[in-house]
Number of protein chains: 2
Amino acid sequence: MITLNAQPLRDDNELARSLFSYAKGEVLYRQDDRADCWFEVVSGIVRTCRLYPDGRRQLMGFFYPGDAFGVDHDFYKASGEAVTDKVLARRHLSRDALIDDAALHRALKSAEDCIFLLGHRTAAERLAAFLLAFGERTGAQVCITLPMSRCDIADYLGLTIETVSRTMSDFVRRGLVALDAPQRVRILDARQLSAVAGDLHAPDDAEIAMRPGSSSRGPSTPQRHASHQGR
Amino acid sequence: MITLNAQPLRDDNELARSLFSYAKGEVLYRQDDRADCWFEVVSGIVRTCRLYPDGRRQLMGFFYPGDAFGVDHDFYKASGEAVTDKVLARRHLSRDALIDDAALHRALKSAEDCIFLLGHRTAAERLAAFLLAFGERTGAQVCITLPMSRCDIADYLGLTIETVSRTMSDFVRRGLVALDAPQRVRILDARQLSAVAGDLHAPDDAEIAMRPGSSSRGPSTPQRHASHQGR
DNA sequence: CGTCTCCTTGAAAGCGTTCAATTACAGTGG
DNA sequence: CCACTGTAATTGAACGCTTTCAAGGAGACG
């Protein structure tokens, strides 16, 4: 399961030689290994995750076809693993191919997405934002098939699997989503789900756009780091 | 206060024309503005932060001399603001100067640092990791002068100012650090602080300084929510 | 049919947030 | 020089959410 499948798919030309296939759960590269190449998803989904000394795991991102990952500098700061079965990835030797700007930008965006999700305070906010973001990314706005396990989701959102599961059940109870199967989520009320995620401007907004530096100091900001709207 | 100081410092040559100066709290660019240029810190410290619709704030990172920031693609996903007084920044028009790879990599690393910090579960872990990381970054291993407010720290770590303050007091009580002034932190017991941060392999482990070659593969921990491959 | 893995649910405890009050300190003007 | 003011930081107490520990389903597979 932890084997590094180092054999290219085929060998008949330059392009094919850089293509690799991985089974679900297989490790493409390990955290702390020397980062001598970066990857590009061709098909399937890849996760990068970092292990903490105490054994916990933080998923840094999910990567979809076209995305670049493993673009670390000296050593990999996270490992890359196949989420789905039959992951195809193109491997670029760092010294050969200069990573193109667009790919690097997408990698940066992926990291920022993760920060964005972790920035949400409550479990409901995080999960709702995750579902919406995932739906948008994969184009499935209504019926979502989650390729990753609850454990992956939990480690991505910085929660426990129990909390993820409980929160999902709560969404079902409130009629926000339907759960046809553990991994098949149907979004019933996208608007209200956005509201839960906190991505919607409050019904009575109109004042958020004018408070740039807010916190640290400022002429007349009422201060106190905004509450948490009632639930 | 929130003005965008758009005047270059001097005008006598190409280099000087791209240099800008900002006062503490000043905004270099705003979230959701069109991202037509990216920046490079020359001196001082810059923060990027994202505002959530509900008014909360998530700091995405602190940037030090040499760092690149504001490298977003279409629109800025966060605003850039001066943390210290007299921030000098070089401004690069996106169409003119291709951002160099190294700068982009540093930006990515900064984002990953943030994820790393947010990945820590408890307030004590986050703050300890933050202090150590900040000390290492600025070269001050013992006596640290925090240029940012408690509010900045809280929004960076995804906590409240009260929790940051309480946790800091707790560190003082436990003899881990001394607080000469709210912004002057002296690290008294770096080793134990690392342990609190969870960056150490078990408190009573053999020895930490076994070289950063390839640490991963943590020793068997009484794990729950095991990932796919044994930890 | 049993076993395995993943997911769900329950109850109690821990911890961070929230609300609220207090302290420290710099700047200002009497 | 000293009250006054405003901001930042600290501290206290109660509440609520997430974690933790533990047990109970639900499919997949041999």
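First the proteins, then the strands, lettered A, B, ... as listed; each starts at 1. This structure is a prediction, so every number in the text was calculated from the model and none was measured.
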Is the phosphate of D/dT19, meaning OP1 or OP2, less than 4.0 Å from a side-chain N or O of A/Thr163? yes
Classify B/Ile153 by what it touches in the nucleic acid, base, sugar-phosphate, or nothing, heavy-atom distance under 4.0 Å. nothing
Indicate whether the side chain of B/Arg30 and that of B/Ser79 have a donor and an acceptor atom separated by less than 3.5 Å. no
Does the base of D/dT20 carry an N or O that pairs as donor and acceptor with the side chain of A/Arg166 under 3.5 Å? yes
Can you check the A/Glu125 CD to C/dG16 P distance for me, whole Å? 18 Å
Tell me whether A/Ser165 contacts the main-chain N or O of A/Ile161 through its side chain, where contact means a donor paired with an acceptor under 3.5 Å. no
B/Phe39 vs B/Tyr22 aromatic rings, parallel, tilted or perpendicular, using cut-offs 30° and 60°? perpendicular
By nearest atom, which of the nucleotides D/dT18, C/dC7, D/dC21 is closest to the A/Arg150 side chain? C/dC7
Please give, in whole Å, the distance from C/dT8 P to A/Phe171 CZ? 13 Å
Strictly below 4.0 Å, N to O, side chains only: are A/Asp170 and A/Arg166 in salt-bridge contact? no
Return the value, rounded to whole Å, for the distance between atom CG of B/Leu179 and atom P of C/dT23. 18 Å
Among the nucleotides C/dC7, C/dT17, C/dT9, whichever has the atom closest to the side chain of B/Thr160 is C/dT17
Salt bridge between B/Asp54 and B/Arg56, side-chain N to carboxylate O under 4.0 Å? yes
Look at the side chain of B/Gln183 and decide which nucleotide, out of D/dT18, D/dA9, C/dG16, has an atom nearest to it. D/dA9
Of all the choices, D/dA9, D/dT11, C/dT9, which nucleotide is nearest to the side chain of B/Arg173 once you look at every atom? D/dT11
Record whether the side chain of B/Arg121 comes under 3.5 Å of the base of C/dG16 through a donor-acceptor pair of N or O atoms. no
d(CE, B/Met168; P, D/dA9) in whole Å: 10 Å
Separation of A/Leu127 atom CG from D/dT18 atom P, in whole Å? 11 Å
How many whole angstroms separate atom CG of B/Leu159 from atom C1' of C/dT17? 10 Å
Which part of the nucleic acid does A/Leu157 contact within heavy-atom distance under 4.0 Å: base, sugar-phosphate only, or nothing? nothing
Using whole Å, what does the distance between atom C1' of nucleotide D/dA9 and atom CG of B/Asp170 come to? 16 Å
Atom-to-atom span, CD1 of B/Ile161 to P of D/dT10 - whole angstrom: 10 Å
